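Predicted model only: the values in this text are computed from it and were never measured.
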Amino acid sequence: MRARVGTRFLSAVFMEEARVFVFENYCRIHDKIDLGVLGEKLAMSPDQAECWIVDLIRNAELDAKIDSEHNCVVMRGTSQSIYEQVMERTRDLNMRSATLAQNLQTVLNEARKEKEKKERAALEEE
């Protein structure tokens, strides 16, 4: 039972990191993002996506606002040199990718251990 709880927790952490990763990259590409489309990309309903984005904007101090009239997120641009943009994106992508890979490896290890326990229990029952 504990393994399932641990796997669920790690899955939730993995999904949260993946959502932040998708959101950040999507916002770098687009200036204006429809909440319905973003919710679909984040595997959330538009209302859940709006609440999640509001929290993210507050906590991460993003330069963005939600336009309720048009049901979209509007990103405010910052002026960075091309070099700074490339360096930031590369650093962030490497860090996020490493975090996602590590979380995925942990989830897979937990699932492998659980499978081995089930196989052992099945063999012991026979």
task = Determine, stepwise, if the pair Glu50 / Leu38 fulfils side-chain contact (heavy atoms from CB on, under 4.5 Å).
result = CA-CA 9 Å; Glu50 183 176 359; Leu38 191 56; over 6 Å; no
query = Can you list the steps and then say if Asp55 with Arg58 is a side-chain contact (heavy atoms from CB on, under 4.5 Å)?
reply = CA-CA 5 Å; Asp55 289 339; Arg58 284 183 191 148; 4.0 Å; yes
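For the pair Ile82 and Val86, the minimum side-chain heavy-atom distance is below 4.5 Å. Residues Leu42 and Gln48 form no side-chain contact, since every pair of their non-hydrogen atoms from C-beta on lies 4.5 Å or further apart. Within the 4.5 Å cutoff, the side chain of Ile53 has heavy atoms near those of the Leu35 side chain. With contacts defined as side-chain heavy-atom distances shorter than 4.5 Å, the pair Thr99/Phe21 does not qualify.
Partners of His70 according to the side-chain hydrogen bond (donor to acceptor under 3.5 Å, both in side chains) rule, which considers only residues two or more places apart in sequence or in another chain, are Asp67. In this structure, Glu40 has no salt bridge (Lys or Arg N to Asp or Glu O under 4.0 Å) partners at least two apart in sequence or on a different chain. Residues passing the side chain to side chain contact (heavy atoms under 4.5 Å, CB included) test with Lys41, sequence neighbours excluded: Val22, Tyr26, Val37.
The pair Glu114-Lys118 counts as a salt bridge, with a side-chain nitrogen and a carboxylate oxygen less than 4.0 angstrom apart. Taking 4.0 Å as the cut-off between side-chain N and carboxylate O, Glu116 and Arg112 do not count as a salt-bridged pair.
Clustering ILVMFWY residues whenever any of their side-chain heavy atoms sit less than 4.5 angstrom apart, transitively, puts Phe14 in a cluster other than the one holding Leu56.
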